[in-house]
Structure formats: structure tokens, C-alpha cells
Number of protein chains: 2
Amino acid sequence: MLTGRQKDILSFIQTEQRDKGVTPSTREIQRHFGFASQTSVMQYLDALERKGFLGRHARKARALITPVQKIRITDIPIYGQIPAGMSALTEQDVEGHVSLDSSTVNASKNGRTFALRVRGDSMIEAHILDGDIVILEDRKDAQSGDIVAALIDGETTLKRYVMDHGRPYLKAENPLFPNLIPARELRIQGVMVSLVRKQLSRARRKRG
Amino acid sequence: MLTGRQKDILSFIQTEQRDKGVTPSTREIQRHFGFASQTSVMQYLDALERKGFLGRHARKARALITPVQKIRITDIPIYGQIPAGMSALTEQDVEGHVSLDSSTVNASKNGRTFALRVRGDSMIEAHILDGDIVILEDRKDAQSGDIVAALIDGETTLKRYVMDHGRPYLKAENPLFPNLIPARELRIQGVMVSLVRKQLSRARRKRG
DNA sequence: GCGGGTAATGTTCGTTTGAACACGTTTACT
DNA sequence: AGTAAACGTGTTCAAACGAACATTACCCGC
């Protein structure tokens, strides 16, 4: 699709963007490739834009838009504990961040997306391990079978939401853990949409 | 840490960056906030830079660097099949991409990072499911216990690499699958460093 | 050998843009 | 009352920058 030279130009723009944080100007591209004129650069930019590998804002400086930029990155906060529901999402409770493209997370526009670090093995039969980062979406319309984060006795727990004859309860995916039947209210904080596991390297692992 | 107004400016810059793909110029910021002078903007930029919320390239146009940009995003190609080892990584075999910040992947500088979509349940006891995206690093120094992608009979498989009395073999984490003892050569293509699971929504799921 | 896409040069134009200077105003804390 | 910091105006300058025009050369299929 692209000429060898066109690929070079595009990859230079992307590399610069990554390293410097800013797309290069036509003159910078010119200098890097040893062109005697900017027009050469302009021709390449035209070609790249025509072929859809580049976006441009006319008459603006350094206004190239590379495919890398087009990827929608969602910056998801990881909460250690959510005490009082989604209303009190303070920076205080943030343990860290995960950033990933919104296409791999099924992130919808309306609901807020957040993450929890899993503690314990209560969901091990759903193949969710201690230390996993579970990404959830702030939705109230959980369906039976969904894995949800819910507020029980002031603690946030990750369980499978099951509707049994019109009565919902929280099912632990581990026979060693009890299911939770809510006394009155079941407060769902989010529905699991994705999971990220950081594989520990051999050195940091306890057992093989 | 930041003044209310300073936060406004910063958030405007970030929003613009996201929507347009380019950081706004001082004049654009000026216009948006209704300042009669650019100097106001300059003062805010100075403050934001001083407090570490912004990076700047002196004397360059639209050369603001927001915290969002500073996150190192790794764009990882997902391969359906790796036929002949890491040398022949053509765009042909790319099934898609995952983008996530290099801090959650244990991405080292030297090795190339790539991903595979898992097929089958042979690693289910290592809690890796059919459809999961496994992120690997192109390393040759696999240690016993590491989960690796290896080339067996022209097919790439994901197995646990086990060294047994100086003899390596590939262990399936599912009693229904056989372990693979290499006839002569064991070609390791990568070592698993991370995992991403896209939770299917209720509608697209076959069984609860 | 003719046309058309690609590649490159040399030059000029007008705007966009960051930066600086001098000065005025409000807010908040001592 | 004093003062420092944040906030704001008005103006000017030089550099950075995108864009355009005319011109030349190469390569490849027909």
C-alpha cells in the first residue's frame, strides 16, 4: 500500500511523536531526511493523508495526527477499596492506573469505567486470581451470570450475580467460600467487562 | 496543588488533545477562556510546567506535553499463528492490536513484545481460557515454570515450560491434554508476561 | 517514445505562534 | 496596612511554520 519511502516518513513521524510527545514540523522532517525543500515533505504528507495513514489540520502547526494517536486510550483508575459506592470516588483510594485501548475494553460511553485489584481466591473457578486487575463498568443493569462488584457490609466484593427465581444473590466461584444472600438491598457497583493479569516473573514467584 | 483556574486550563488542554489529536496553541486557549491577552495563558502554562503537570518544548508550536501523553503506550500486535519463528513477523499474520501502558506489561526494552489469542482449553488449570489474549516477550531464556509459546510441528502452542532433570518439556495445564516432549529441538518463541481477557457480554455468551 | 505517477529542488508568501515587556487588578494571609 | 501570589490587559517581535508555484528528473507500462 505504501511506498518504502512513505513508510519511512510515517515511521519517523510516529517515532518522533513517541519520543518527544509532539509531531515533527515539515522542516524537521525535511532536515531529518536531507531534503533540500519542504515541498518533498508536503508531497509525502499529501500521499499519506490520501491513503488514510495520516490526519491533518490545515494551516496549523505540528498538527499531524498519526494512527497511534487515533487509538482511544482509556485511563482506568485502580481502586483498593470503594467504601460508599460510586459517588465517593476520590483520588485517595486510587491505587494505580491501567491504560488500555477502549476497543479491548468493552467501554461504553455512558458508564464510568474503573478497576479493582482482586484479593483472595473466591473467584478462582471463574479463573480470576489473587492479584488480577478486574475492569468494571459502572452499570446498574447487571444480568444473571454477570460478574459484579457489590457492596456488602461496607466492603466491596467480586462475585457472580445470579438471579434465582426472581431473587438475586451473589455466588462465589469457589466451593470454600459461601454465597451471599443479601438481607435487603444488593448494591451493585459495577459489572466486569475485562481482566488484566500481570504475570509475575520467576524471581518474584513463590512457587512454580 | 493546582488552582481551580489552573485545573481548568489543564483539563482544556487535555480535552482538546483527545478530541483533535493536537494540543491547542496559546491563542486557542486564550480564545476559549476569553482572555484578552496571551500573557495570561503564558502565566498558566508557566505555573503548570513549574508544578510538573505539563511539559513544554521551547519555541516550538503546539509543543505542550500533557500527562496523558507521558504514559508509555505499547502497541502490541496479536498474531493468529506464528509460522516460522520471530524472524518472519509479517503484517499478514496480525489479527489485531492491543494497546496498554508498558508499566502493566512487564515490557523490557530489549525483547519484542507480541500477543497471541489462545485457542482451546489446554491451559485452563493455569487459568488461561479460550479467547484470552496472552502477551509474550521475545526471550530465549525461559525458566522452568514459565508459560511459553513454542513451535511444535509448525504450530505455535502455549504451554508451561518445565525443566525435568536437565531435560525440558512442555506441560499442558489440563489433564485431558498430553505433555509434549520435544523430539530434538524445542523452539521457544516467547515467554508470557501478561494476560488480557475481554469479558463477553451476556448477549454474546453461549452459556452462563 | 509517450504519458503518468513518484521524487526532488529552489524560492517566495503570509500566517501562526511562542515569547517578552510593562503595567493594572484582585485575593488571601500575615 | 503590607505584601506576595495569582490573575489579567495591551502591545510588539522574531521565529517557526504550512502552503503554493514553477521546474526538472526518474521509472514503468503501453
Side-chain angles (χ1 to χ4, degrees), chain A residues 1-70, chain B residues 1-70:
Chain A
M1 193 79 179
L2 287 183
T3 319
R5 201 77 163 147
Q6 288 173 351
K7 267 186 198 165
D8 291 346
I9 308 272
L10 181 60
S11 113
F12 172 68
I13 294 170
Q14 290 177 334
T15 309
E16 282 287 296
Q17 162 113 54
R18 280 235 246 203
D19 294 352
K20 312 255 174 77
V22 188
T23 50
S25 68
T26 54
R27 267 157 248 246
E28 284 173 353
I29 300 170
Q30 176 197 347
R31 240 172 291 147
H32 180 264
F33 286 94
F35 293 136
S37 165
Q38 296 176 62
T39 314
S40 306
V41 179
M42 291 298 281
Q43 285 171 58
Y44 282 114
L45 294 186
D46 285 343
L48 287 172
E49 190 180 18
R50 182 159 25 84
K51 295 184 180 178
F53 286 84
L54 209 62
R56 276 205 281 179
H57 289 281
R59 295 222 146 262
K60 279 185 185 171
R62 296 173 185 279
L64 301 176
I65 302 147
T66 63
V68 181
Q69 273 173 304
K70 284 183 188 167
Chain B
M1 194 75 181
L2 287 183
T3 319
R5 201 77 165 145
Q6 288 173 352
K7 267 186 201 166
D8 291 348
I9 308 272
L10 181 60
S11 112
F12 172 68
I13 294 170
Q14 290 177 335
T15 308
E16 281 287 296
Q17 161 112 57
R18 280 234 253 204
D19 295 352
K20 312 256 174 79
V22 188
T23 50
S25 68
T26 55
R27 266 156 249 248
E28 284 174 354
I29 300 170
Q30 175 197 347
R31 241 172 290 147
H32 180 263
F33 286 95
F35 293 138
S37 164
Q38 298 176 62
T39 314
S40 306
V41 179
M42 291 297 281
Q43 284 170 61
Y44 282 114
L45 295 185
D46 285 343
L48 287 171
E49 191 180 17
R50 182 160 26 84
K51 294 183 180 178
F53 286 84
L54 210 62
R56 276 205 282 178
H57 290 282
R59 292 226 147 261
K60 281 185 184 170
R62 295 173 185 275
L64 301 177
I65 302 148
T66 63
V68 181
Q69 275 173 304
K70 284 183 188 168

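By convention in this document, chain letters (A, B, ...) are assigned in the order of the sequence lines, proteins followed by strands, and residues within each chain are numbered from 1.
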* Nearest whole angstrom, please: distance from the C1' of C:dA8 to the CZ of A:R31. => 18 Å
* Structure fact -> Which of C:dA8, C:dT17, D:dT9 is nearest the side chain of B:F35? It is D:dT9
* Per A:Y44 side chain, nearest of listed nucleotides C:dG10, C:dA7, D:dG8 -> C:dA7
* **Nearest listed nucleotide, side chain of A:R5, among D:dT9, C:dA8, C:dA19** => C:dA8
* Structure fact -> Taken to the nearest whole Å, CE/A:M42 to P/D:dC21 is 11 Å
* When the distance from NZ of B:K60 to P of C:dT16 is rounded to whole Å, what number comes out? -> 22 Å
* To the nearest Å, give me how far apart CZ (A:F33) and C1' (C:dT6) are. => 16 Å
* **Pairwise side-chain contact, A:V41 with A:I9, heavy-atom cut-off 4.5 Å (strictly under)** => no
* **Neighbour count >12 (heavy atoms, 6.0 Å) for atom NZ, B:K7** => no
* Structure fact -> Side-chain contact check for A:T39: nearest option of D:dA20, D:dG10, C:dG18 is D:dA20
* Within this structure, what is the CD-to-P distance between B:Q38 and D:dG10, rounded to whole angstrom? -> 13 Å
* Structure fact -> Of A:S37 and B:R62, the one whose closest nucleotide on DNA chain C sits nearer the 5' end is A:S37
* Length of the CD-P vector between A:E49 and D:dA19, whole Å -> 9 Å
* Nearest-nucleotide comparison on DNA chain C, the residue closer to the 5′ end among B:Q43 and B:H57 -> B:H57
* Pick base, sugar-phosphate or nothing for A:S40, based on heavy-atom distances below 4.0 Å to the nucleic acid. => base
* What's the CG-C1' distance between B:L45 and D:dG8, to the nearest Å? -> 15 Å
* Within the pair A:R56 and D:dG18, is there a side-chain N or O less than 4.0 Å away from OP1 or OP2? -> no
* Ring geometry between B:F12 and B:H32 (parallel below 30°, tilted from 30 to 60°, perpendicular above 60°) -> parallel
* For B:R59 and C:dT17, what is the distance between atoms CZ and P respectively, to the nearest whole Å? -> 15 Å
* **More than 12 heavy atoms of other groups within 6.0 Å of A:K60 NZ** => yes
* Asked: Any Lys/Arg nitrogen of A:D46 or A:R56 sitting under 4.0 Å from an Asp/Glu carboxylate oxygen of the other?
  -> yes
* Asked: Checking all strands, does B:A58 fall into the base, sugar-phosphate, or nothing category for heavy-atom contacts under 4.0 angstrom?
  -> sugar-phosphate
